[in-house]
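Report on the following structure.
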Amino acid sequence: MFDLDEAFKEIQRGCVEIIDEKRVKELLTSYLKNGETFYVKAGFDPTAPDLHLGHTVLIQKLALFQKYGGIVQFIIGDFTGMIGDPTGKNETRKKLDKKSVLENAKSYKEQVFMILDPKKTEVLFNSKWIDELGASGMLELTTTFNVARMLEREDFDKRYKSQTPISISEFLYPLLQGYDSVVLKSDIELGGTDQKFNLLMGRTLQRSYNVGKEQAVLMMPLLEGLDGINKMSKSLNNYIGVTEDANSMFGKILSINDSLMWRYYELLSTKTLDDIRVLKENVRVGFLHPKVAKEQLAMEIIERFHNEEKAKIAKEEFNNIHKQNLLPTDIESFELDGPIWIAKALVDAKLEPSTSNARRDIKQGAVKIDQVKISDEQLQLQSGTYILQVGKRKFANVKVK
RNA sequence: GGUGAGUUACUCAAGCGGCCAAAGAGGGCAGACUGUAAAUCUGCUGGUUUUUACCUUCGAAGGUUCGAAUCCUUCACUCACCA
């Protein structure tokens, strides 16, 4: 069916750390021999249903486990989301109502099943069993742990020492996440490196509650965003969303630098490590242009979230704009009353935020009309149709009446 | 609750009566160079067709002054130390 060593290598790929490798191997072996499936758990915050490639690193790893006998327990942390994971932030969260949780869950599913096999996935809400826990159950849960150990967690420790407030409820977060593992009897839990403490809590609690096994823990790195420095996140606007259209995905992937490209290959591509090594070597000796390697990566990712056809079109489109200086096909159109001052037209066509800025860009030679650079900032557009361009990427089709 | 410090543009941060649309850094945008990138160099980065000008901005509201981001008063918020 599959080779154990090969499978394990694939699983190890990109991981920062695996705790209890032996157990992972055992699970794979027993699936190989007896067809016994096992549970792989991962939790997601219900507040942000817009997935980006940073999230898919983890989800792809889940999909890999499905290939090797894993049943994925996809947990929507609707209860824990109310507390807010204290990791690295101190904003207070708003409580989500049932309706928006369900809506978020729905869009989660749509996005996640582009990668995961729905037949081998259980989508679960952790409020279900945590609500049942009740006050006494909650109290019992807290007796399994003490404050000193809680403060072992790095960011609690930092905040405690620097006298930044820690809410009592935040202590509950790791406990409840761990309790999920108790109820679900998970065999493996995946998470980001920032989740280490919470993931280990699952092991501790499974022991305390005599589940009869302790989950293995597999930690994935946080994917760097387009800038190559910060982790990919929506707030930094350095992300590629899985629902983005093919053209913008292509452009964004091509804009990353070469070293980041290999990082993306490792964490996002389904090519084998050997194939990637060959690719890398070919680029190194100059046999393959790095741009081509990057295009291949972009194609693969777009195929995953759209299809092959769209990937091809996106590639052509991109090369049209950049290489051959042709125009993109889907330029937004505007109708304006003429004659109109060029700076005003640029603002009206949403290419510039203000006429002052438009003037500055004209002075710098960033503005083109029908592909011809202009320098006269007093220019009046007479009636007719024009293609206005600012910089390399911003276009508009303008009809002056 | 007490005491002290602070609140300046996208962010950090200088300015402490006129030369302030406000230094510097980061970020962003653009130009050159490239591979479409990165790195590098350069320019721009409140608004307005009065563009060596005018208008609105320095937590909020008042006040002093010929003139206030700068001084005074009140209010709001943030932080630190003490309780």
Side-chain angles (χ1 to χ4, degrees), chain A residues 90-92 159-165 224-231 233-240 246-265 279-280 282-299 301-302 311-328 336-369 371-381 388-396:
Chain A
N90 51 354
E91 75 206 53
T92 28
R159 285 163 64 187
Y160 185 66
K161 281 186 181 146
S162 71
Q163 317 238 6
T164 315
E224 292 85 352
L226 300 173
D227 52 27
I229 300 160
N230 298 303
K231 69 168 186 173
S233 81
K234 214 169 174 186
S235 53
L236 290 171
N237 197 25
N238 61 356
Y239 69 102
I240 302 176
N247 287 342
S248 106
M249 273 191 186
F250 197 93
K252 282 183 179 178
I253 294 168
L254 268 280
S255 81
I256 64 175
N257 72 43
D258 292 358
S259 59
L260 189 61
M261 162 172 81
W262 297 117
R263 179 82 173 145
Y264 277 28
Y265 256 116
L279 208 60
K280 209 169 176 175
N282 281 340
V283 168
R284 198 184 64 80
V285 300
F287 184 68
L288 187 72
H289 197 289
K291 187 194 167 191
V292 178
K294 212 181 281 178
E295 279 177 345
Q296 283 179 23
L297 176 69
M299 298 289 280
I301 290 171
I302 294 167
K312 274 186 189 152
I313 295 171
K315 182 180 166 184
E316 276 170 32
E317 183 86 7
F318 188 84
N319 285 332
N320 279 350
I321 303 172
H322 294 280
K323 218 188 220 160
Q324 301 164 35
N325 268 322
L326 294 178
L327 299 165
L336 308 172
D337 289 322
I340 184 166
W341 179 39
I342 176 66
K344 185 85 173 52
L346 289 167
V347 174
D348 286 349
K350 294 180 191 153
L351 296 177
E352 293 280 9
S354 66
T355 55
S356 296
N357 208 52
R359 280 163 167 272
R360 285 193 283 265
D361 275 342
I362 292 168
K363 252 181 233 165
Q364 292 193 100
V367 176
K368 290 180 185 170
I369 297 177
Q371 316 246 42
V372 181
K373 205 176 271 189
I374 62 158
S375 54
D376 177 14
E377 58 184 76
Q378 297 300 332
L379 187 71
Q380 296 287 331
L381 290 181
L388 304 183
Q389 181 182 354
V390 177
K392 282 173 207 152
R393 270 169 297 208
K394 287 176 279 182
F395 294 91

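Every chain is numbered from 1, with letters handed out A, B, ... down the list of sequences.
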Same-atom distance ([atom1]) from [N] to [M], integer angstrom:
| N | M | atom1 | result |
| --- | --- | --- | --- |
| B:rU78 | B:rU34 | C1' | 47 Å |
| B:rU11 | B:rC58 | P | 15 Å |
| B:rU56 | B:rU50 | P | 15 Å |

Proximity to the side chain of A:Arg360 - top-ranked nucleotide from B:rU49, B:rA38, B:rC44 |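 Of the candidates, B:rC44 comes closest.
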
Which nucleotide in B:rU49, B:rG35, B:rG47 has an atom nearest any side-chain atom of A:Pro290 =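 Among B:rU49, B:rG35, B:rG47, the one nearest the side chain of A:Pro290 is B:rG35.
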
Using both distances under 3.5 Å as the test, list the Watson-Crick or G-U wobble partner of [N], or none.
| N | value |
| --- | --- |
| B:rG67 | none |
| B:rU3 | B:rA80 |
| B:rA60 | B:rU74 |
| B:rG35 | none |
| B:rU48 | B:rA53 |
| B:rG17 | none |
| B:rG43 | B:rC29 |

Would you say B:rG47 has OP1 or OP2 under 4.0 Å from some side-chain N or O of A:Thr355?
->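 Answer is no, no contact under 4.0 Å.
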
The contact string for nucleotides 24-34 of chain B, one letter per nucleotide 5' to 3', using protein heavy atoms under 4.0 Å with B, S and - for base, sugar-phosphate only and none, comes out as ------BSS--

CD of A:Gln378 versus C1' of B:rU50: gap in Å, rounded?
->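 After rounding, the gap between these two atoms is 12 Å.
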
Between A:Val347 and A:Ser354, what is the shortest heavy-atom contact and its length?
->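 Heavy atoms of A:Val347 and A:Ser354 come nearest at CG2-C, 3.4 Å.
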
At their closest point, which heavy atom of A:Ile256 faces which heavy atom of A:Met261, and how far apart are they?
->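 Reported closest heavy-atom pair: CD1-CA, 3.7 Å.
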
With a 4.0 Å cut-off on heavy atoms, is A:Ile256 in touch with a base, just the backbone sugar-phosphate, or nothing at all?
->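 Sugar-phosphate, backbone atoms only, no base.
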
Give one of base, sugar-phosphate or nothing for A:Lys294, where a contact means two heavy atoms less than 4.0 Å apart.
->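 Base contact.
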
Residues which pass side chain to side chain contact (heavy atoms under 4.5 Å, CB included) with A:Ser255, listed by chain and number, not counting sequence neighbours =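 If we apply the side chain to side chain contact (heavy atoms under 4.5 Å, CB included) test to A:Ser255, skipping adjacent residues, there are no hits.
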
Mind checking what makes ring pair (Phe, Tyr, Trp, His ring centres under 6.0 Å) contact with A:Tyr265, not counting sequence neighbours?
->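 For A:Tyr265 the ring pair (Phe, Tyr, Trp, His ring centres under 6.0 Å) partners, ignoring immediate neighbours, are A:Trp262.
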
Side-chain contact test, heavy atoms from C-beta onward, threshold under 4.5 Å: evaluate it for A:Leu346 versus A:Asp361 and give yes or no.
->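 A:Leu346 does not reach A:Asp361 side chain to side chain.
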
